[in-house]
Amino acid sequence: MTEINLNELIGKNVKKYRLIHNANGGNMSQRELASIIGVSTSLIGALESKKNNQGVSLYNLYKISEALNVPMYKFFEQ
């Protein structure tokens, strides 16, 4: 797996679990997630984009996992 493929996989899973969170009664927009974890909305948008070339730090991925109540390893599953 290349770095680009890994970034795309993580971004796809962040979006997937954010939407699952919303389907289960949450209301987590990209802006809300960004606000909760203390990053810009554009970072979350870039992360979730299918053309994501931007990685995410482990610390920010940890904060995303806490905000969405999803174990970190789930973001690496294909």
Side-chain angles (χ1 to χ4, degrees):
M1 177 173 289
T2 68
E3 181 179 359
I4 291 171
N5 294 132
L6 182 60
N7 290 341
E8 289 173 354
L9 177 65
I10 291 169
K12 180 184 84 166
N13 284 328
V14 167
K15 183 175 184 176
K16 171 184 166 182
Y17 287 109
R18 185 176 60 78
L19 295 176
I20 288 172
H21 175 82
N22 291 346
N24 290 329
N27 186 21
M28 185 80 64
S29 66
Q30 289 180 347
R31 180 177 296 186
E32 180 70 20
L33 179 57
S35 176
I36 289 170
I37 70 167
V39 298
S40 69
T41 302
S42 62
L43 185 137
I44 300 297
L47 179 62
E48 290 187 0
S49 170
K50 289 184 180 181
K51 296 180 181 181
N52 174 31
N53 291 326
Q54 181 176 353
V56 62
S57 71
L58 283 175
Y59 181 66
N60 283 338
L61 191 58
Y62 168 76
K63 292 191 299 183
I64 291 169
S65 76
E66 290 288 305
L68 297 177
N69 197 27
V70 174
M72 278 183 66
Y73 75 88
K74 292 287 198 178
F75 298 115
F76 297 94
E77 292 183 338
Q78 294 186 1

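Residues: numbered from 1 along the sequence shown.
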Common cluster, Leu6/Leu43, ILVMFWY with side-chain heavy-atom separation under 4.5 Å: yes

Flag side-chain contact, heavy atom, 4.5 Å: Met72 against Ile64: no

Pair Glu8, Met1 - check side-chain contact (heavy atoms from CB on, under 4.5 Å), show working. CA-CA 11 Å; Glu8 289 173 354; Met1 177 173 289; over 6 Å; no

Using atom types as modelled and distance alone, determine if a side-chain donor or acceptor of Ser65 lies under 3.5 Å from a backbone N or O of Tyr62. yes

Grab the two heavy atoms, one from Met28 and one from Asn22, that are nearest each other, plus how far apart they are. N-OD1, 2.5 Å

Taking Asn24 for the side chain and Ile20 for the main chain, is one N or O donor matched with an acceptor at less than 3.5 Å? yes

A side-chain contact here means heavy atoms from C-beta on lying under 4.5 Å apart; do Tyr17 and His21 qualify? no

Carboxylate-amine/guanidinium proximity below 4.0 Å for Glu48 and Arg18: yes

If every non-hydrogen atom of Phe76 is compared with every non-hydrogen atom of Leu9, which pair is closest and at what distance? O-CD2, 3.3 Å

Phe75, Tyr73: one ILVMFWY side-chain cluster at the under-4.5 Å cut-off? no

Under the criterion side-chain contact (heavy atoms from CB on, under 4.5 Å), which of Ile44, Thr41, Val39 is the partner of Leu33? Ile44

What's the spacing between Gln78 CD and Asn5 CG if we round to 0.5 Å? 8.5 Å

How far does OG of Ser42 sit from CZ of Arg31, to the nearest 0.5 angstrom? 11.0 Å

Salt bridge or not between Lys74 and Glu77? Use side-chain N to carboxylate O under 4.0 Å. yes

For atom NZ of Lys15, decide whether the heavy atoms of other residues, nucleotides or ligands shown that lie under 6.0 angstrom number more than 12. no

Going hydrophobic residue to hydrophobic residue with side-chain gaps under 4.5 angstrom, can you get from Leu68 over to Ile36? yes

Could you tell me the separation between the OG atom of Ser49 and the NZ atom of Lys12, rounded to the nearest 0.5 Å? 14.0 Å

